[in-house]
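Scroll down for the structure; my scribbles are underneath it.
Just so you know, ligand 1 is whichever comes first in the structure, and atom 1 is the first atom listed for that ligand.
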Amino acid sequence: MSAQIDALVAQLLGEISAAGSTAELADVERRALGKKGELTLLLRGMKDVPAHERPEFGRRVNEAKAQVSEAIERCRATLEAAEASRAAEHDRLDVTLPGRGRRPGRPHPMARVLDEMCEIFIGMGFTIVEGPEIETRWYNFSALNIPDDHPVMDEKNTFFLPDGLLLRTETSAIQARVMEAQPPPVRILGPGRCYRRDAVDATHTHTFHQVEALVVDEGISFADLKGTVLQFFRQMYGPRVRLRIRPDFFPFVEPGGDVSFSCHLCDGPGCPTCKYTGWIELGGCGMVHPNVLRNVGYDAEKYTGFAFGFGLERMAMLKYGIDDIRLFYENDIRFLEQFG
Ligand code: DAH
């Protein structure tokens, strides 16, 4: 019996010294001294030991238990110290490491230009309004006095959807929506995404953005249009820029024109940005056609208005000297990070 106890102690002591971690050691402890541990069971088996051998047997088992517990405690102290120093090493602050820089997001260049534009127009008393990108023929064409045989109606130019719907081709589509929803006076700025069947190149994309302005009230004249646009250009591109409006045709305005400002980079003699003309064209404008006012139930004898629509991509390209429109949509971090 004594030899059996000795062998068990020797085996347990071997396992204790082989334990590589406190967790492994706890496992040995459980198997030796736990409720169903080998030494515990040995003590419970005392009833089977002949009565005269019991005192000696009990003493031997208790001695073995004490020996094993002591070995476990010693080993635990060593393992705990080793584990603590490993953890400390892991957590140690290495002040020579390069810092982890934060990389906060930043507004897209187009969002920045739009924000700036909205600020300028809000300052002039305008309200910002948005319309749907999926439009009806009525709002995108008919209400705007665009006849059914106009080229924009062609499948080659417009993305038509089922049920007479389409992807709006211009933000002018919000004009009639705004006027139908309220009586004059109207003074709104309508930014938004537009779609056309254009092949993609450095200056064209099938999906682009425009900003529409519409003002309707009694006594609104062409002078109001010129003053408003010039004020905007000067705040956006510099106090010295001049305004140029040349006659052009858009079905929803009469008279209509195209809008340019004097090149903010060369101020006249010509440079690559203004294609050596001294002028930069930004979009169309005009006095709201009486038919458009009548289409929404406004009294065209009493009210007049002006409207204009500018390309947002083009405004941002000019503001930041960007020469390829595709850069706006590629989301290349090296491009985006330049606008902080
Ligand atoms: N919607 C026109 C376009 O996409 C631009 C435009 C021209 C808007 C004249 C207007 C305007 O409001 O009066 O080409």
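Arg112 and Tyr320 are linked by a side-chain donor-acceptor pair at a separation below 3.5 angstrom, with hydrogens and angles left out of the test. Neither side chain, Glu135 nor Tyr195, offers a donor N or O lying under 3.5 Å from an acceptor on the other.
Here Glu83 pairs with Thr22 under the side chain to side chain donor-acceptor pair (under 3.5 Å) rule; sequence neighbours left out.
Applying the ring pair (Phe, Tyr, Trp, His ring centres under 6.0 Å) definition to pairs two or more places apart or across chains, those involving residues 259-296 are Phe233-Phe261, Tyr237-Phe261, Tyr237-His264, Phe261-His264.
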Can you give each donor-acceptor pair under 3.5 Å made by side-chain atoms of residues 303-315, sequence neighbours left out, with the distance rounded to 0.1 Å?
from: Thr304; atom 1: OG1; to: Ile220; atom 2: N; distance (Å): 3.1
from: Thr304; atom 1: OG1; to: Ile220; atom 2: O; distance (Å): 2.7
from: Glu313; atom 1: OE1; to: His209; atom 2: N; distance (Å): 2.9
from: Glu313; atom 1: OE2; to: His209; atom 2: N; distance (Å): 3.1
from: Glu313; atom 1: OE2; to: His209; atom 2: ND1; distance (Å): 2.9
from: Glu313; atom 1: OE2; to: Tyr329; atom 2: OH; distance (Å): 2.2
from: Arg314; atom 1: NE; to: Glu281; atom 2: O; distance (Å): 2.6
from: Arg314; atom 1: NH2; to: Glu281; atom 2: O; distance (Å): 3.1

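Residues of the protein with a heavy atom under 4.0 Å from ligand 1 are Glu170, Ser172, Gln175, Arg196, Gln210, Glu212, Phe250, Phe252, Val253, Gly284, Cys285, Gly286, Ala307, Phe308, Gly309, listed by chain and number.
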- Would you sort out whether Thr169 and Phe159 count as a side chain to side chain contact (heavy atoms under 4.5 Å, CB included), showing the intermediate values? CA-CA 8 Å; Thr169 58; Phe159 291 106; over 6 Å; no

